[in-house]
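Presented below is the structure to which this report refers.
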Amino acid sequence: MSLASVSRLEAKLLLPTYERQPILFVRGRGVYLWDSQGKRYLDFLSGIGVNALGHSHPAVQAAIKRQAGRLIHVSNLFFHEYQAELARLLTEISGLDRAFFCNSGTEAWEGALKLARAFAQMNNRNGSKAKWRVLAMENSFHGRTFGALATTGQPKYRAPFVPLMPGVSFVKFNDLDDLQRKFDPSVCAVCIETIQGEGGVCPVNREFLELASRLTKQSGALLELDEIQCGLGRTGRHFAYQHYGVLPDVVTVAKPLACGLPLGAILTTERVASCMHPGMHGTTFGGGPLACAVAIEFLRVEKKLRAHVRELGEYFHAALEALDKKHKSIQDVRGAGLMLAVELDSPELAKAVTKQLLQEGIIINRTHETVLRFLPPYVIQKKHVDQLVKALDAALRKNAESVYEKTPKEGKAAPSRRKAVYAHA
């Protein structure tokens, strides 16, 4: 089918939830995608962090082919041979004890919120007073379901669906005083993205995460970390929290875990897992043999790539810092490993740069209006970084002048350049 026919059919039949780019992709290999016209694209978004091993990785292809010929699905009322092995690998690298498998990141986060409430009911140290409140972060994003939306600290996502799950308060991200002020014995969980993804690739400060850990330990609340985008090798370690020396009570993962097949996971401690029993939570499709078999292969490859991710992340970060010195439009460069971002001083400029790079065959995306987000596959090489940075340099030069010419100068403050406060790890 052609792009035009697919576009017409979608416009007629699908819910209008996406603003798609006018490109029909038909195949991928390594760090590249090809569209229906044969044009090649360098993929620096990897399906928003999903295709961490690139496209059509041989180990993934082999696992899918092998397992699809044996067993694709079996009910969770029975055993299959991959869930326990995948749980062993995940708990081994995370320092946690138990796993639950589901279909997506938002489902993992819903399960994490249920764990927090169930654990609080079983272990309430607050006397006769309820322990049920959740502290989430401003600027956060945890998913599209009701609990995930309720803990997402961006009003634009929540507003169309209120009222949402009650009992959620928002803390200013990385503000120690605000966290201290809003935390009390009624809190059952503090919820943090170790690196906020949709919120602009903003890492948590060490002092903030350490305070959250202390407060939750003292009160019996849970520290729950969302590593759906930043986990599983993206920052050069298995989990982003491992850069901080803090062990959460609950962590959620998903995006790259099964290399494009739907799979998410909740990882937690033995102590927290003790609050659950058969019938309290479940899933029809989560943790099926096909997805779990692929995830095992992913973890075997990811383990070998961590040093490469660290090396390329440092190289990429340094190259973006060099661009920062050349362009007044760049306000910040931040992130860790191969989860990096450039914040610009104008939504219009960010949109124009993203569009130009796409026209030149380089895929990135714009998030939080002014932030260029880079989530390339772990298998990229320095030549790919060089190509991206050269194109970005040219796009900034070309578009900045035209964007600023269209912007009224009256009352327009000069861009407030700020030094990045997050060290890349």
Side-chain angles (χ1 to χ4, degrees), residues 50 52 59-60 62-122 142-149 151 165 189 222 224-228 231-232 238-239 248-300 302:
V50 170
V60 174
I64 291 174
K65 183 177 180 180
R66 180 173 62 249
Q67 190 56 37
R70 298 181 62 207
L71 185 66
I72 292 176
H73 173 77
V74 64
S75 163
N76 276 310
L77 297 175
F78 303 94
F79 293 98
H80 67 74
E81 59 187 301
Y82 300 110
Q83 272 199 27
E85 174 62 10
L86 180 55
R88 184 188 69 79
L89 293 172
L90 286 170
T91 53
E92 185 178 86
I93 63 175
S94 67
L96 297 167
D97 304 311
R98 289 185 178 265
F100 174 83
F101 297 110
C102 53
N103 303 283
S104 65
T106 193
E107 289 177 58
W109 193 248
E110 291 285 331
L113 294 173
K114 288 176 71 175
L115 270 178
R117 290 275 178 86
F119 183 80
Q121 286 192 33
M122 193 175 80
H142 295 290
R144 306 283 185 173
T145 51
F146 263 57
L149 275 177
T151 51
M165 182 184 81
L222 301 185
E224 300 198 333
L225 299 185
D226 177 340
E227 297 231 353
I228 291 162
L232 300 176
H238 292 302
F239 297 90
D249 299 292
V250 180
V251 63
T252 56
V253 294
K255 285 187 181 293
L257 183 55
C259 303
L261 297 181
L263 186 64
I266 306 168
L267 306 175
T268 190
T269 63
E270 192 72 51
R271 179 177 69 102
V272 174
S274 67
C275 73
M276 295 297 255
H277 58 70
M280 285 182 69
H281 195 52
T283 174
T284 295
F285 297 104
L290 180 61
C292 285
V294 171
I296 289 168
E297 290 301 316
F298 164 74
L299 289 176
R300 287 174 178 162
E302 178 265 348

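Nothing here was measured: the structure is a model prediction, and the numbers come from that model. Every heavy atom of this structure was used, including side-chain atoms; hydrogens, water molecules and symmetry mates were not.
Looking at Glu110, its side chain does come within 3.5 Å of a backbone N or O of Ala148 through a donor-acceptor pair. Within the 3.5 Å criterion, the main-chain N or O of Gly147 finds no donor-acceptor partner in the side chain of His142. Under the 3.5 Å distance criterion, the side-chain polar atoms of Thr268 are matched with a main-chain donor or acceptor of Asp249. Counting only distance, with no hydrogens or angles, the side chain of Asn76 and the backbone of Gly282 share no donor-acceptor pair below 3.5 Å. Put simply, the side chain of Glu107 never gets that close to the backbone of Cys102: no donor and acceptor are under 3.5 Å apart.
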Could you go through Leu222 and Phe119, starting from their C-alpha distance and side-chain angles, then the distance that decides it, and tell me whether this counts as side chain to side chain contact (heavy atoms under 4.5 Å, CB included)? CA-CA 8 Å; Leu222 301 185; Phe119 183 80; 3.6 Å; yes
| request: Decide side chain to side chain contact (heavy atoms under 4.5 Å, CB included) for Phe239 and Leu225; before the verdict, give the C-alpha distance in whole Å, the side-chain angles of both, and the deciding distance to 0.1 Å. | output: CA-CA 10 Å; Phe239 297 90; Leu225 299 185; over 6 Å; no
Exercise for the section: Please test His238 against Leu232 for side chain to side chain contact (heavy atoms under 4.5 Å, CB included), starting from the C-alpha separation and ending with a verdict. Expected result: CA-CA 5 Å; His238 292 302; Leu232 300 176; over 6 Å; no
query = Stepwise, does the side chain to side chain contact (heavy atoms under 4.5 Å, CB included) test hold for Met165 with Arg117?
reply = CA-CA 12 Å; Met165 182 184 81; Arg117 290 275 178 86; 4.2 Å; yes
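Closest heavy-atom contact between Phe79 and Val74: O-CG1, 4.5 Å. Leu96 and Pro248 make their closest contact through CD2-O, 3.3 Å (heavy atoms, listed as atom of the first residue, atom of the second, distance). Among all heavy-atom pairs drawn from Pro256 and Ala52, the shortest one is CB-CB, 3.7 Å. For Ala108 against Ala265, the heavy-atom pair with the smallest separation is CB-O, 3.7 Å. Nearest heavy atom pair, residue Ala63 against residue Glu297, reads CB-CG, 3.6 Å.
Considering SG of Cys292 and CG of Leu261, their distance stands at 10.5 Å, rounded to 0.5 Å. Note that the CG atom of Leu90 and the CZ atom of Arg98 stand 14.5 Å from one another [nearest 0.5 Å]. The distance from atom CG of Leu89 to atom OG1 of Thr91, rounded to the nearest 0.5 Å, is 8.0 Å. We find the OG-NZ distance between Ser104 and Lys255 to be 9.5 Å, quoted to the nearest 0.5 Å. Of the inter-residue distances, the one linking Ile296 atom CD1 with Gln67 atom CD reads 9.0 Å to the nearest 0.5 angstrom.
With a 4.5 Å cut-off on side-chain heavy atoms, Ile72 and Pro289 do not count as touching. Two residues are said to be in side-chain contact when any heavy atoms from C-beta on lie closer than 4.5 Å; Trp109 and Glu224 meet this criterion. Counting heavy atoms from C-beta on, the side chains of Leu263 and Asn103 never come closer than 4.5 Å. At a threshold of 4.5 Å between non-hydrogen side-chain atoms, the residues Tyr82 and Leu71 do not count as touching. The side-chain heavy atoms of Lys114 and Met280, taken from C-beta on, include no pair separated by under 4.5 Å. No side-chain heavy atom of Cys259 sits under 4.5 Å from any side-chain heavy atom of Val50. Residues Met122 and Ser274 are in side-chain contact: their nearest non-hydrogen atoms beyond the backbone lie under 4.5 Å apart. Contact of the Thr252 side chain with the Ile228 side chain is registered, since non-hydrogen atoms from C-beta on lie closer than 4.5 Å.
Arg271 and Asp97 are not joined by a salt bridge, as no carboxylate oxygen comes within less than 4.0 angstrom of a charged side-chain nitrogen. A salt bridge links Arg70 to Glu81: one of the charged nitrogens lies within less than 4.0 Å of a carboxylate oxygen.
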